[in-house]
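Notes follow the structure.
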Protein chains: 2
Amino acid sequence: MAKRVTDKTSSPERRSPCPVACALDVFGDRWTLLVIRDLVLGKTRFKDFAASPEGIPTNVLSERLSRLLAHGIVSQVSASEGSKHLAYRLTEKGRALLPILGAMRDWGLAWERGTRAHLGEAATIG
Amino acid sequence: MAKRVTDKTSSPERRSPCPVACALDVFGDRWTLLVIRDLVLGKTRFKDFAASPEGIPTNVLSERLSRLLAHGIVSQVSASEGSKHLAYRLTEKGRALLPILGAMRDWGLAWERGTRAHLGEAATIG
DNA sequence: TGTTTTACTTTCAAAAAACAAGTGAATCAA
DNA sequence: TTGATTCACTTGTTTTTTGAAAGTAAAACA
């Protein structure tokens with residue numbers, strides 16, 4: 001007899017139909033949006049994300065990248081012609097996160113002292 | 001001989017001067033922004049946040065509220081005249097999170113099927 | 001060919017989250 | 001005024017996630 005804990009068939013572990021809650025289920029943690037930020041800044045490789053100043057642990061990076069792949073937020077392409085290494089790129093769904101990143105950058109700059117944008121002032125993001 | 005791990009004097013545990021990283025240190029988790037959302041929706045009491053459909057555990061709610069207080073994002077006022085119960089309100093710094101919430105709601109509605117805004121369509125947030 | 005780089009995976013201790021239950025002050029109903 | 005109920009937590013306990021370090025295998029480079 002199968003023990004039904006929750007119906008994860010229709011929508012795997014969605015807490016509510018709220019779009020904010022749903023978004024947080026995808027990227028509601030301390031690292032995911034930093035990977036997105038790096039992608040926006042032009043980084044494409046595992047080692048590049050790992051080299052960011054915040055120092056994401058590689059196991060966390062690995063898990064986050066596969067989650068983003070699973071959610072269709074990033075895709076993998078060949079790093080360069082003939083290369084067997086892979087590069088990560090934002091999909092359209094991933095690029096649609098730009099306004100969120102822009103709003104967060106603006107809030108941080110306005111309210112948290114000592115912050116500086118490596119993201120281009122207004123053009124790149126937001 | 002004091003072992004200096006990190007200089008937490010100037011800015012306690014800031015990972016980098018990036019405003020996005022800094023913002024994530026404040027509200028980069030699955031719950032905090034849902035409390036902010038509830039505040040935007042007009043909820044002010046502990047029990048109201050706890051009653052939201054996502055079902056935040058009370059110990060987590062408690063911890064998040066004190067963190068938000070510590071960061072000056074919410075403040076406490078008397079729930080009603082003469083009452084000794086307290087109500088939570090967004091400060092200006094907290095209201096400045098509205099564009100982030102709005103951008104997240106828009107992204108969720110656009111890219112995650114089955115989401116619906118209890119937040120007023122465009123007027124309330126964003 | 002041997003060395004280095006890349007992109008992970010594994011291990012494991014520590015921290016955080018989830019869950020359940022308890023507590024005491026405040027409010028309310030009789 | 002007493003007793004029940006609500007409120008806002010706090011306290012255990014278990015489960016999950018992190019984070020730091022080390023290990024690994026394929027690819028690239030010399």
Side-chain angles (χ1 to χ4, degrees), chain A residues 3 5-6 8 12-16 21 24-35 38-39 42-71 74-89, chain B residues 3-6 8 12-16 21 24-35 38-39 43-71 74-89:
Chain A
K3 180 173 64 173
V5 179
T6 317
K8 306 206 172 190
E13 60 200 68
R14 182 165 292 180
R15 292 179 288 174
S16 82
L24 289 171
D25 282 337
V26 177
F27 53 78
D29 65 82
R30 293 167 65 246
W31 294 111
T32 304
L33 285 175
L34 293 182
V35 175
D38 285 349
L39 283 160
K43 295 182 178 179
T44 59
R45 306 290 294 278
F46 189 96
K47 70 170 184 329
D48 300 328
F49 307 133
S52 281
E54 292 85 11
I56 184 172
T58 57
N59 58 341
V60 174
L61 174 56
S62 188
E63 195 275 335
R64 293 302 189 276
L65 284 171
S66 28
R67 173 136 47 120
L68 290 172
L69 280 167
H71 280 279
V74 302
S75 62
Q76 285 181 318
V77 291
S78 185
S80 58
E81 28 194 325
S83 170
K84 281 182 182 171
H85 279 310
L86 294 170
Y88 295 91
R89 292 294 176 79
Chain B
K3 179 174 63 173
R4 162 171 293 216
V5 179
T6 316
K8 306 206 171 190
E13 61 200 67
R14 181 166 293 180
R15 291 179 288 174
S16 82
L24 290 171
D25 282 337
V26 177
F27 53 78
D29 65 84
R30 293 167 65 247
W31 293 111
T32 305
L33 285 175
L34 293 181
V35 176
D38 284 349
L39 282 160
K43 296 182 178 178
T44 59
R45 307 290 294 278
F46 190 96
K47 69 171 184 330
D48 299 328
F49 308 134
S52 280
E54 292 84 11
I56 184 172
T58 57
N59 57 343
V60 174
L61 174 55
S62 188
E63 195 274 334
R64 292 303 188 277
L65 284 171
S66 26
R67 173 137 45 120
L68 290 172
L69 280 167
H71 280 281
V74 303
S75 62
Q76 286 181 318
V77 293
S78 185
S80 58
E81 29 192 325
S83 171
K84 282 181 182 171
H85 280 309
L86 294 171
Y88 296 90
R89 292 294 175 80

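Throughout, protein chains are lettered first and strands after them, A, B, ... in sequence-line order, and every chain is numbered starting at 1.
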- request: Mark up nucleotides 6-18 of chain D, 5' to 3', with B wherever a protein heavy atom is under 4.0 angstrom from a base atom, S wherever such an atom reaches only the sugar-phosphate, and - elsewhere.
  value: -SSBBBB-----S
Minimum heavy-atom distance A:Phe46-A:Thr58, with the two atoms named: CZ-O, 3.8 Å
query: Taking only residues two or more places apart in sequence, or in another chain, which ones meet A:Ser78 in a side chain to side chain contact (heavy atoms under 4.5 Å, CB included)?
result: A:Ser83
task: Considering non-hydrogen atoms only, spot the tightest contact between B:Phe49 and B:Ile56 and give its length.
output: O-CG2, 3.8 Å
- line: Rounding to the nearest 10°, end axes of the helix from C:dT1-D:dA30 to C:dA30-D:dT1 built from five pairs each make an angle of 30°
Show the atom names and distances, to 0.1 Å, of all donor-acceptor pairs under 3.5 Å that link a side chain in residues 62-70 of chain B to residues at least two apart or in another chain.
from    : atom 1 : to      : atom 2 : distance (Å)
B:Arg64 : NE     : B:Asp29 : OD1    : 3.2
B:Arg64 : NE     : B:Asp29 : OD2    : 3.4
B:Arg64 : NE     : B:Thr32 : OG1    : 3.3
B:Ser66 : OG     : B:Ser62 : O      : 2.9
B:Ser66 : OG     : B:Glu63 : O      : 3.2
B:Arg67 : NH1    : B:Val26 : O      : 3.0

field: Residue list, side chain to side chain contact (heavy atoms under 4.5 Å, CB included) with B:Pro53, at least two apart or on another chain
entry: A:Ser16
- prompt: Is B:Arg15 paired with B:Asp25 through a side-chain N to carboxylate O contact shorter than 4.0 Å?
  reply: yes
Listed partners of A:Phe27 passing ring pair (Phe, Tyr, Trp, His ring centres under 6.0 Å), at least two apart: B:Trp107
Outermost DNA chain C nucleotides near chain B [under 4.0 Å, heavy atoms]: C:dA17 to C:dT27
Pairs where residues 45-56 of chain B contributes a residue and the test salt bridge (charged side-chain N to carboxylate O under 4.0 Å, His left out) is met, not counting sequence neighbours: B:Arg37-B:Glu54
query: Which pair of non-hydrogen atoms, one from A:Ser52 and one from A:Asp38, has the smallest distance, and what is that distance?
result: OG-OD2, 2.6 Å
query: What is the minimum heavy-atom distance between B:Trp31 and B:Pro57, and which atoms define it?
result: CZ2-CD, 4.0 Å
